[in-house]
Structure formats: structure tokens, C-alpha cells
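What follows is one structure encoded as C-alpha cells, with my remarks underneath.
Note that ligands are numbered from 1 as they come in the structure, with each ligand's atoms numbered from 1 the same way. Note that the structure is predicted; figures quoted are calculated from it, not measured. Here, residue 1 is the first one in the sequence, and each next residue gets the next number.
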Amino acid sequence: VSTISPLRVALVGYGYWGPNVARNVAQSEEADLAAVVDLSPSRRVVAASQFPKAKICESVAQLEFGAIDAVVIATPASSHVELAAPFLAAGVHVLIEKPLALSMKDAVKLVQLAKTNNCVLMVDHTYLFSDAVIMMAELVRSGQLGDLIHFDSTRVNLGIFQPDTSVIWDLAVHDVAILRYVTGLLPKTVSATTHSHRESKHPVVASMSLQFSEDFFAHIAVSWISPVKVRKLTLSGFNKTIVFDDVASDEKIRVYDSGVDSILMSEGRNALLRYRLGDVIAPRLRGVEALRREIDCFVSSIRSAIEPISSGADSLATIAVLQAAEKSALAGGEPVKVDYTI
Ligand SMILES: NC(=O)c1ccc[n+]([C@@H]2O[C@H](COP(=O)([O-])OP(=O)(O)OC[C@H]3O[C@@H](n4cnc5c(N)ncnc54)[C@H](O)[C@@H]3O)[C@@H](O)[C@H]2O)c1
């Protein structure tokens, strides 16, 4: 039995995603959901009924910073910096929803504040804690895929038009984070084209190309206006290909031992390829909820002072890629060099 008292955690934002965080914090043996803050009276009523022991507040001003150890910020992206900064300045550890911020400048400000005040700053890149993405990373690291050739992701559905940002910051952030985590690689250039909708101030469809090296490139397609929900990632190597279908009810990960083996003959424009059509394997996934694993990681980072995998500092590279994509879209899709300088 642990003799350390549970961390006192406050949650700011009890909208769509906040309740998932609240449930996982409350279920953790190492943390207590001490308070829930939301501007909306109706959301506060729901929070109070779900978590009667938590203090329910209408603004962060009602929180006693000395009475909490950590906070989770689950409010819209444009409010992250303003809400998180005072907590970090007061020495409170912060788990912040993706994206960390909507610019490199704001993201760096939070990372530096965390460093100065010895706080853990972690970003909720939930996928990095999912069984499927952990499995993808293990498969890549085992060398089974061989040299990587191509990453392709489609993340589309009838989504909520975020009032404060585009589909790139809302959805493609997942793919960039997954891609970086699974491959350990950073793109050199990004090009993106986006499309708007008359009911949205920000782009609702985007198509991104990311060039890593001559041999490896990635495509990401995201949309809030697709009537069909697709969450499909394909990562191909010379030896094997992983397909992660997050909408599938089972066998979310499949590993194909298929591909192009060699060119048998090449004459002018005609090439005869030798294909390899091998087994398809669907590895068994562990069945742990990603957010549960993530809250455990947040707590253990605070206890051990070891940086979590999705730390604020690590997330800066993801922000740099998204910022480059936005710049490229504004320039009509021209390739933009990603600036990782802090
Ligand atoms: N990790 C994931 O997979 C995932 C999934 C969905 C959303 N998100 C992220 O979670 C964040 C919130 O998204 P959402 O879809 O839950 O939004 P939402 O609009 O449904 O909920 C946000 C809530 O925050 C409250 N709020 C806003 N400003 C506030 C403030 N200053 N103080 C207190 N409460 C405030 C609102 O009243 C609302 O209830 C976003 O950053 C989003 O990108 C992450």
C-alpha cells in the first residue's frame, strides 16, 4: 500500500473531452479529483452530479493554488496559454490538452515557465498512450518493417467546427504526434493545402505532405466535413506494412508481409515488378485505456521528476510542423522548411 498521499488534481474544462479526463483521474489510486472548473453553469451541474466530492468552480480564480498539486487544462486550444501560465508560475504541474498552443512562441513560453518553476508540463497526445500506437512503435523499433518508405493517414468525419482554430491544429496534430513518436523522425519540409466552408472561420479540410528524406515521406488528410468516419494510418517499410484502423471493432492493427521485392526487368517505360504476398497478422492488443495509461504517466513523472514522453518540450517539434503547414497553406501549398529553433 502506497504511503504517499494521492496528488490533488484540478480539471479546467468539463466539455466534450474533460469528462474522460475526470473519470480517469478519479479512478487512479494515485490521484484525487479535487476540483472541476467550467465557465458553463450546465457543465458545472453535470460535473457536480458525477463527482460530488470535487469542489466545483466557475472560474480558476476560485481555486486555491496551494491546495492542488496538478491541473489538467481541457479547454479550447486558444485558451491554453493564458490558463496554464499562472499554474506553472505557482509551481503547479500541468497536463494540457493537444495542441499545447497555437504558435511556437506561446508553446515555448509554457515550456520555459515549466522549466523555471520545476514543474512537469505534459501534453495530452492521447494516441501515444494507446495500445495500437505503442504496438506500432514496437514493430518499427524491432526492425521488422525494414527501412521506412511511406506514412499515410486519413482522419475525417463530420466533426465539430472549432471556433478558434483550423482542422490542422485540431486533427492533424494527432497524426504528426503519432508519426514522430512511431518513427522517431522529423520532417524537413511540409506543404499543405486547405479548404474552408462558409460556416467556419477556419479551414475545415486539409491535405499535407511531409518530406523527411529522399526515401521517406508522409501524407496526412484531415476533414471535418466527411459523412464517413475514417481513422486509418498506414506505415510502409520495404519489408512490412502496418495498417492501423481505429474505427475497426477488432484487429485494429494488421501487419502485412507484402510489398514490392524487386524489379525483374525494366525496358523503357515498362517495368515488371516482383511482388511479395505474404501473411497478414493481427497482433493482440492489451486492452488498456490510453487516458488511464497517460494519467499514470503524468503522476509518475511528477513523483519521479522524469520527463514524460509527451512532455511540453517534446511537443514543440509537433507545433513547429503544424505551424509550417499553416504557413504553407497560406502560400498556396508551397513547401515550407520546418523551423525547429526555439
Ligand atoms: N486528446 C484527445 O483525443 C482530445 C479529444 C477531444 C478534444 N481534445 C482537446 O480538448 C480540449 C477541449 O476540447 P473539447 O472538445 O472538450 O471542447 P469543449 O468546447 O467541448 O469543452 C471545453 C469546455 O471548457 C470550458 N471553458 C472554456 N474556457 C474556460 C475557462 N477559461 N475556464 C473554465 N472553463 C472554460 C467550456 O465552458 C467548455 O465546457 C481542446 O484542446 C481539444 O483539442 C483532445
Side-chain angles (χ1 to χ4, degrees), residues 10-25 35-51 54-63 65 68 71-87 94-103 106-107 110 121-133 153 155 157-178 181 200 202 204 222 224 229 231 233 246-247 289-295 297-298 308-310 312 315 318-319 322:
L11 168 67
V12 184
Y14 195 79
Y16 163 67
W17 194 247
N20 296 324
V21 175
R23 174 173 50 79
N24 279 284
V25 170
V36 177
V37 185
D38 202 297
L39 295 176
S40 151
S42 62
R43 297 310 299 159
R44 292 199 298 276
V45 170
V46 181
S49 72
Q50 296 290 314
F51 301 101
K55 182 179 174 186
I56 307 295
C57 308
E58 60 183 69
S59 90
V60 285
Q62 292 178 343
L63 280 181
F65 280 22
I68 52 168
V71 66
V72 184
I73 309 284
T75 56
S78 57
S79 62
H80 289 177
V81 176
E82 197 187 321
L83 281 168
F87 285 103
V94 173
L95 171 61
I96 200 160
E97 273 312 317
K98 61 81 192 164
L100 172 57
L102 293 175
S103 71
D106 281 348
L110 290 180
L121 172 63
M122 180 169 168
V123 185
D124 179 10
H125 287 301
T126 319
Y127 273 103
L128 307 195
F129 296 87
S130 69
D131 286 344
V133 171
S153 172
R155 188 177 297 281
N157 64 318
L158 278 184
I160 296 166
F161 289 8
Q162 299 296 334
D164 55 346
T165 190
S166 78
V167 71
I168 288 184
W169 293 90
D170 187 49
L171 293 186
V173 60
H174 289 302
D175 302 294
V176 173
I178 294 169
Y181 176 64
S200 170
H202 304 281
V204 299
V222 284
W224 285 326
K229 181 168 180 170
R231 298 276 185 270
L233 281 78
D246 201 19
V247 179
E289 184 180 349
L291 254 182
R292 181 59 209 263
R293 204 179 254 136
E294 178 162 358
I295 296 295
C297 174
F298 182 49
I309 56 165
S310 62
S315 194
T318 297
I319 300 290
L322 300 175

In this structure, atom 44 (C) of ligand 1 is nearest to the protein heavy atom E97 OE1, 3.0 Å
Would you mind listing which atoms of ligand 1 come within a distance below 4.0 Å of any non-hydrogen atom of G15?
-> 20 (O), 21 (O), 23 (C), 39 (O)
For residues I96 and L110, determine if any side-chain heavy atom of one lies less than 4.5 Å from a side-chain heavy atom of the other.
-> yes
For ligand 1, which atoms sit closer than 4.0 Å to a heavy atom of L83?
-> 31 (N)
Determine, step by step, whether T165 and S78 satisfy the side chain to side chain contact (heavy atoms under 4.5 Å, CB included) criterion, reporting the C-alpha distance in whole Å, the side-chain angles of both residues, the deciding distance to 0.1 Å, and the verdict.
-> CA-CA 8 Å; T165 190; S78 57; over 6 Å; no
In ligand 1, the atoms that come under 4.0 Å of a heavy atom of R43 are 39 (O)
For ligand 1, is S59 a contact, meaning one of its heavy atoms is under 4.0 Å away?
-> no
Do Y181 and S310 come close enough that some side-chain heavy atom pair is under 4.5 Å?
-> no
Using a strict cut-off of 4.0 Å, indicate which atoms of ligand 1 neighbour a heavy atom of H80.
-> 41 (O)
Atom 41 (O) of ligand 1 - nearest protein heavy atom and its distance | K98 O, 3.0 Å
Give the numbers and elements of all ligand 1 atoms closer than 4.0 Å to a heavy atom of S40.
-> 37 (O)
Side chains of H125 and V173 in contact at under 4.5 Å (non-hydrogen atoms) | yes
Atom 17 (O) of ligand 1: the protein heavy-atom neighbour that sits closest, reported with distance to 0.1 Å = Y16 N, 4.5 Å
Thinking salt bridges, do D246 and R155 make one under a 4.0 Å N-O criterion?
-> no
L128 side, atom CG; S130 side, atom OG - distance, nearest 0.5 Å | 7.5 Å
May I ask you to identify the nearest protein heavy atom to atom 24 (O) of ligand 1, giving residue, atom name and distance to one decimal place in Å?
-> G13 CA, 3.5 Å
Side chain or backbone of S79 under 4.0 Å from ligand 1, or both, or neither, by non-hydrogen atoms?
-> neither
How about atom 31 (N) of ligand 1: does it have a protein heavy atom within less than 4.0 Å?
-> yes
min-distance protein heavy atom vs atom 7 (C) of ligand 1 -> W17 CB, 3.7 Å
Any E294 side-chain heavy atom under 4.5 Å of D124 side chain | yes
According to the interplanar angle, ranging from 0 to 90°, do the rings of H174 and Y127 count as parallel (below 30°), tilted (30 to 60°) or perpendicular (above 60°)?
-> perpendicular
What are the atoms of ligand 1, with element, lying closer than 4.0 Å to any heavy atom of D124?
-> 1 (N)
Does ligand 1 have any atom that is closer than 4.0 Å to a heavy atom of Q162?
-> no
Distance-only, no hydrogens or angles: does the H80 side chain make a donor-acceptor pair with backbone N or O of T75 under 3.5 Å?
-> yes
T126 heavy atoms, cut-off 4.0 Å: which ligand 1 atoms fall inside?
-> 1 (N), 2 (C), 3 (O)
Paired with L95, the side chain to side chain contact (heavy atoms under 4.5 Å, CB included) test is passed by just one of V71, I73, I295, namely I295
Would you mind telling me if ligand 1 is within reach of the side chain of I160, the backbone, both or neither, using heavy atoms under 4.0 Å?
-> neither
Other residues, nucleotides, ligands: >12 heavy atoms within 6.0 Å of E82 CD | no
Between the candidates L39, V12, D38, which shows the shortest non-hydrogen contact distance to atom 36 (C) of ligand 1?
-> D38
Under the 3.5 angstrom rule, does the side chain of R44 hit a backbone N or O of V37 as a donor-acceptor pair?
-> no
So is P76 close enough to ligand 1, meaning a heavy atom under 4.0 angstrom away?
-> yes
The closest protein heavy-atom partner of atom 40 (C) of ligand 1 is T75 O, 3.4 Å
